[in-house]
Amino acid sequence: MTSDFADALASGPLVLDGGLSNQLEAAGHDLGDALWSARLLADDPEAITRAHLAYFDAGADVVITSSYQATFEGFARRGIGEERAAELLALSVESAREAARRARVGRVDRPGRRLWVAASAGPYGAMLADGSEYRGRYGLDVAGLERFHRRRLEVLAAARPDVLALETVPDTVEAVALLRAVRGLGVPAWLSYTVDGDRTRAGQPLEEAFGLAADAEEVVAVGVNCCVPGDVTAAVRTAARVTGKPVVAYPNSGEVWDARARAWRGRSLFAPGLVREWRAAGARLVGGCCRVGPDAIRSIASAPSSAG
């Protein structure tokens with residue numbers, strides 16, 4: 001599949017945004033709901049636009065929509081019907097587009113700068129809101145997972161994002177389902193696993209996991225996200241070698257969430273200096289995930305290597 005976004009990846013490195021949730025929390029929003037940041041699509045979409053804008057203003061070329069945890073099933077639990085749920089999914093793309101419009105107006109220092117929107121499709125486990133996206137193996141077969149993902153992906157694709165972000169995928173069963181679900185949608189996609197060392201969270205070797213996407217026409221990039229920074233370099237090398245595709249890398253800060261205390265523990269291990277190593281290994285699209293904010297993205301964007 002050829003696309004403007006694929007061409008941009010081929011022509012040089014792009015800077016991805018950081019964690020949407022921590023930017024919203026920094027602005028004072030409570031994300032304790034099972035819908036997480038997707039709750040604000042219904043309650044305060046302007047807050048989401050402002051969070052995206054903070055990352056564009058920090059130098060990101062690409063922002064990921066607030067639809068990670070937005071599903072028909074999750075919205076139904078909040079009493080939101082299918083028609084309204086579809087509207088909110090589309091709104092996640094429009095909110096990011098609006099942020100891009102505002103960023104272009106406000107950034108006279110980079111005239112003609114192209115800004116991109118990636119529509120997030122989180123894993124089935126994100127809908128469960130119980131941490132199972134970091135374990136996988138939900139007990140569903142490929143067909144069941146494909147049905148779950150296809151409906152949401154059709155709505156997101158109809159909103160015309162530049163790319164679909166199939167992200168935080170914990171195992172190869174769900175990856176196969178997602179690869180089937182994006183067929184024929186007419187929008188390119190990237191496939192990004194959450195990993196532990198040299199394996200998926202469910203324990204499959206990364207060579208096997210990335211190999212599934214090697215011949216997928218719709219997939220224009222593969223990589224990893226929401227893993228510790230120390231696991232990125234080796235995974236990027238494996239993804240580039242196995243698939244020959246551009247690689248995406250956006251780890252979390254490396255801090256650990258203490259669910260009992262509802263607090264983050266440890267220190268951030270995300271060092272912008274690591275970005276040079278990731279790019280040297282083959283990463284073309286680099287940013288951050290949980291607990292990586294605009295300051296870190298600004299450092300990535302201002303590094304000499306970011307110019308390609």
Side-chain angles (χ1 to χ4, degrees), residues 1-18 20 48-49 52-53 55-68 89-121 152-167 178-179 181-192 213-223 225 236 239-240 243-250 275 278-279 282-288 297 300-301 305-308:
M1 174 177 289
T2 59
S3 70
D4 289 348
F5 183 77
D7 291 343
L9 274 181
S11 65
L14 295 177
V15 178
L16 185 58
D17 63 1
L20 181 63
I48 293 174
T49 298
H52 289 314
L53 183 59
Y55 283 113
F56 277 136
D57 285 347
D61 301 299
V62 187
V63 299
I64 301 175
T65 65
S66 55
S67 50
Y68 175 83
L89 283 164
L91 180 60
S92 72
V93 176
E94 178 53 34
S95 294
R97 288 274 184 230
E98 174 60 21
R101 284 191 285 269
R102 296 183 194 178
R104 282 192 292 267
V105 169
R107 293 296 298 275
V108 296
D109 57 325
R110 293 178 66 180
R113 175 190 179 201
R114 183 72 184 266
L115 302 176
W116 308 89
V117 171
S120 173
R152 174 173 55 158
L153 287 168
E154 286 174 341
V155 174
L156 289 171
R160 308 311 299 172
D162 298 298
V163 62
L164 295 165
L166 314 178
E167 57 178 352
L178 283 161
L179 292 172
V182 296
R183 288 176 185 164
L185 293 180
V187 179
W190 78 58
L191 176 68
S192 180
D215 297 322
E217 179 182 333
E218 293 82 4
V219 176
V220 296
V222 296
N225 77 287
V236 167
T243 69
K245 297 176 185 283
V247 179
V248 56
Y250 50 118
V275 173
W278 300 339
R279 286 189 173 136
R284 306 290 284 181
L285 178 57
V286 176
I297 301 307
I300 294 172
S305 60
S306 67

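Because the structure is predicted, anything quoted here is derived from the model rather than measured.
Put simply, the side chain of Thr65 gets close to the backbone of Ser120: a donor and an acceptor are under 3.5 Å apart.
Considering only heavy atoms from C-beta on, Ile64 stays 4.5 Å or farther from Leu20 through its side chain. A 4.5 Å side-chain heavy-atom check between Glu218 and Leu185 finds every atom pair outside the cut-off. A heavy-atom distance below 4.5 Å is found between the side chains of Leu156 and Ser67.
Taking both residues in full, the closest heavy atoms of Val187 and Arg160 are given as CG2-NH1, 3.7 Å, listed atom of the first, atom of the second, then distance. Scanning both residues, Lys245 and Ala213, for their nearest heavy atoms gives CE-O, 2.9 Å. The two atoms that bring Pro246 and Arg284 nearest to each other are CB-CG, 3.7 Å, heavy atoms only. Closest approach of Ser95 to Ile48, counting heavy atoms only: CB-CG2, 4.2 Å. For Val93 against Ala159, the heavy-atom pair with the smallest separation is CG1-O, 3.7 Å. Between Ala8 and Trp116, the shortest heavy-atom contact is CB-CZ2, 3.6 Å.
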Would Asp162 and Arg97 count as a salt bridge (charged side-chain N to carboxylate O under 4.0 Å, His left out) if you check the C-alpha gap in whole Å, the side-chain angles of each, and the deciding distance to 0.1 Å?
CA-CA 10 Å; Asp162 298 298; Arg97 288 274 184 230; 3.0 Å; yes
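How far CG of Leu53 is from CG of Asp17: 12.0 Å, rounded to the nearest 0.5 Å. Put simply, CG on Asp61 and CD1 on Ile300 are 11.0 Å apart, with the number rounded to the nearest 0.5 Å. Rounding to the nearest 0.5 angstrom, the gap separating the CG atom in Leu9 from the OG atom in Ser3 is 8.0 Å. For the atom pair CG of Leu89 and CG of Leu153, the computed distance is 9.5 Å after rounding to the nearest 0.5 Å. Here His52 contributes atom NE2 and Asp57 contributes atom CG; the two are 13.0 Å apart, rounded to the nearest 0.5 Å. Note: Leu191 CG to Leu164 CG = 11.5 Å, rounded to the nearest 0.5 Å.
Applying the salt bridge (charged side-chain N to carboxylate O under 4.0 Å, His left out) rule to Glu94 yields the partners Arg101; only residues at least two apart in sequence or on another chain are considered. Evaluation of the side chain to side chain donor-acceptor pair (under 3.5 Å) rule for Tyr250 yields Glu167, Trp190 as partners, not counting sequence neighbours.
Considering Val286, Val15, Leu16 in turn, Val15 is the only one that fulfils the side chain to side chain contact (heavy atoms under 4.5 Å, CB included) rule with Ile297.
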